Amino acid sequence: MKIAARIDPERQRYYTRQGWWGTRTLLDHWNETVRQYGDRRYVCGDNGVWLTYRQVDDYAGRLAAYLRENGVECGDVAAIQLPNWSAYCVAYVAGLKAGAVLHLISRNTEKSELADLLTRSGAKALICPTSFRGLDYEAMLSNFRRDIPSLRCVVLADELEPARSGHATLTQVLKTCRPLDTSPEVDSNDVAALLNTSGTTGSPKIVMITHNNILFSETQFNRELGVTEDDIMFMPAPLHHATGFHHGLIAPMLTGAGVVLQQRFQREQAVRLILREQCTYSMGATPFVYDILQEMERTGVRLPSMKFFLCGGAHVPRSLVRRGMDLGLPICEVYGSTESPPHAFVPVAEAEKLAGSISGRPMGGVEVRLVDDNGRDVPPGVKGEEWSRGPNVFVGYLGDQAATDQVLHAGGWFASGDLCVGDEAGNLRVVGRKKEIIIRGGENLSIHRIRETLEGCPGVADCAVVGKPDPRFGERICACVVPEEGRTVTLQDLLGYVSANHVPKYLWPEMVEIVDAIPRTESGKIKCCSLLQEIQARGREEANDR
């Protein structure tokens, strides 16, 4: 199955006239970087081993040759399901060299969902580990490969364990194959990558992103952040996600910079890696930042090489920004989505002044509107759904035109589903999701706003808010709290805090549930449905015990 996307001709002409879209592909840029910076270090795993651009290019050429020999043609899909290993760079560059469309799949995706995703994308190849963190990928493949007729070849990354089956291993391929010596015929408006949505509201949708989408996004991001070949990115976020792939792998590559990967986030090791490799910036969800700041406070260690930490995927509390400033680590909120990759951020120079008061300012080339339920623009200070338009916006969901039409409107506008408030300067502040509401007694209450009022409450390490079903009011406000170590948190503690901060009474929590952790997607968004299910299951168990 060849991947094809419909691109609005008017938008294409406009972005080309502006110089935002060109004729060069990701592979063209890769080849240029290898020519210019071949001996510079590109990627380092958390084992401390660096690979130069030239080394990755050689390894990728060998893997690309194997893919071609085993039926992967230009325009076919090659799926990558790897942890944050240096092999990820080899795999994605190999896909580009073979002219394949990259389908980036979470390392945590198991049998049924993996089979579904591979079938939907028509993947010809899959590159995955033999095993990782207790998941036996090799055994899983043997159970369902016959059900995926498109799949021609599997390459097992045998970094941790040797292969037991007849599948080719990355070690074998790199030893026996000669680098591919031909270039694919790929257009810059062809789909380059398929990324999956988090699937918190149903089956994951497969997002189609072109070469031009990615190149504009990361070139503009680098320009506005001042990233150069002398920078080193620390990337703990998973590489299948827009944060990890776009900003962790592609952005450094476009400038000849380096990237340090962490395969499994641990705050003590994260701080050691940043210090050891002298990383200059990073990007990830709120939990990464929170834990790193905790470790800095615990040990007294500072990170003088770090210029900033970009934080996105979920709301960044003001208290977190202030803590970062106190510790010498500027934290800048970033806003975007898989469909419209991070397109607004807090400028580093203004991070301290803004102190978490905005979610971002649109970067050059990206237009943003805030609209009401009828699609009409709302004035500054009034809540509306965020719509964005620009050369970064995706070109549709694979195989799902109905879902595409729901969010991708005439003129190229993408409706995010996020509720934001804007100001006269064009700054955005995310205040919730259209569907993230509690309906209490017929009144719609923003989960995001309620949660925000609880931030900073003494004894609360983390919290979320859900609507707990109630026979009288429909739903009641339930605060789910992770207490700080050695502390207890009661409903009275929360009520005392919101009362002292003059929070309107209709936003006060009505019950509290103590939980071990707040479940989140890999991008940091709270899984409200999972949390509510846990609380309801707990309630049923308590009822049975009585």
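Along the sequence shown, the residues carry numbers beginning at 1. Just so it is clear, the structure is predicted and the values come from calculations on it, not from any experiment. The figures here come from the full heavy-atom set of this structure, side chains too, leaving out hydrogens, waters and symmetry mates.
Side-chain contact between Leu27 and Lys97 is present, with at least one heavy-atom pair separated by less than 4.5 Å. Side-chain atoms of Ile148 and Leu126, non-hydrogen and from C-beta on, never get closer than 4.5 Å to each other. Annotation: side chain of Pro238 is not in contact with side chain of Ser106 (no heavy-atom distance under 4.5 Å). Using a 4.5 Å cut-off on side-chain heavy atoms (C-beta onward), Leu239 and Ile80 make no contact. For the pair Leu63 and Ile127, the minimum side-chain heavy-atom distance is below 4.5 Å. Using a 4.5 Å heavy-atom threshold, the side chains of Met235 and Leu261 count as touching. In this structure, Tyr397 and Val207 have side chains that are in contact, with non-hydrogen atoms separated by less than 4.5 Å. In this structure, Ser282 and Pro236 have side chains that are in contact, with non-hydrogen atoms separated by less than 4.5 Å.
The ring of Phe265 has its center closer than 6.0 angstrom to the ring center of Phe288.
Between Trp387 and Trp413, the ring planes are tilted. Angles from 30° to 60° get that label. Between His343 and Tyr335, the ring-plane angle classifies as perpendicular under the 30° and 60° cut-offs. Relative orientation of the Tyr15 and Trp20 rings is tilted, given thresholds of 30° and 60° on the angle between their planes.
Counting all heavy atoms, side chain and backbone alike, Leu156 lies closest to Ala163 at CD1-CB, 3.9 Å. What you find for Asp147 and Pro149 is that their closest heavy atoms are O-CD, 3.3 Å.
Checking Thr52 against Asp39 by side-chain atom types alone, no donor-acceptor pair falls below 3.5 Å.
A salt bridge is defined here as a Lys NZ or Arg NE, NH1 or NH2 lying under 4.0 Å from an Asp or Glu carboxylate O, and Asp8 with Arg389 fails to meet this definition. In summary, Arg152 and Asp76 do not engage in a salt bridge, as defined by a charged side-chain N under 4.0 Å from a carboxylate O. The pair Asp58-Arg54 does not meet the salt-bridge criterion, since no charged nitrogen lies less than 4.0 angstrom from a carboxylate oxygen. A salt bridge links Glu138 with Arg164: at least one charged nitrogen is closer than 4.0 Å to a carboxylate oxygen.
Shown here are the ring-ring contact (aromatic ring centres under 6.0 Å, His included) partners of Phe309, two or more places apart in sequence or in another chain: there are none. Residues satisfying the ring-ring contact (aromatic ring centres under 6.0 Å, His included) test with Phe308, not counting sequence neighbours, are Tyr281.
The number of heavy atoms from other shown groups lying within 6.0 Å of CG (Asp516) does not exceed 12.
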Candidate pair Val90 and Val43, rule side chain to side chain contact (heavy atoms under 4.5 Å, CB included), full reasoning: CA-CA 10 Å; Val90 174; Val43 61; over 6 Å; no
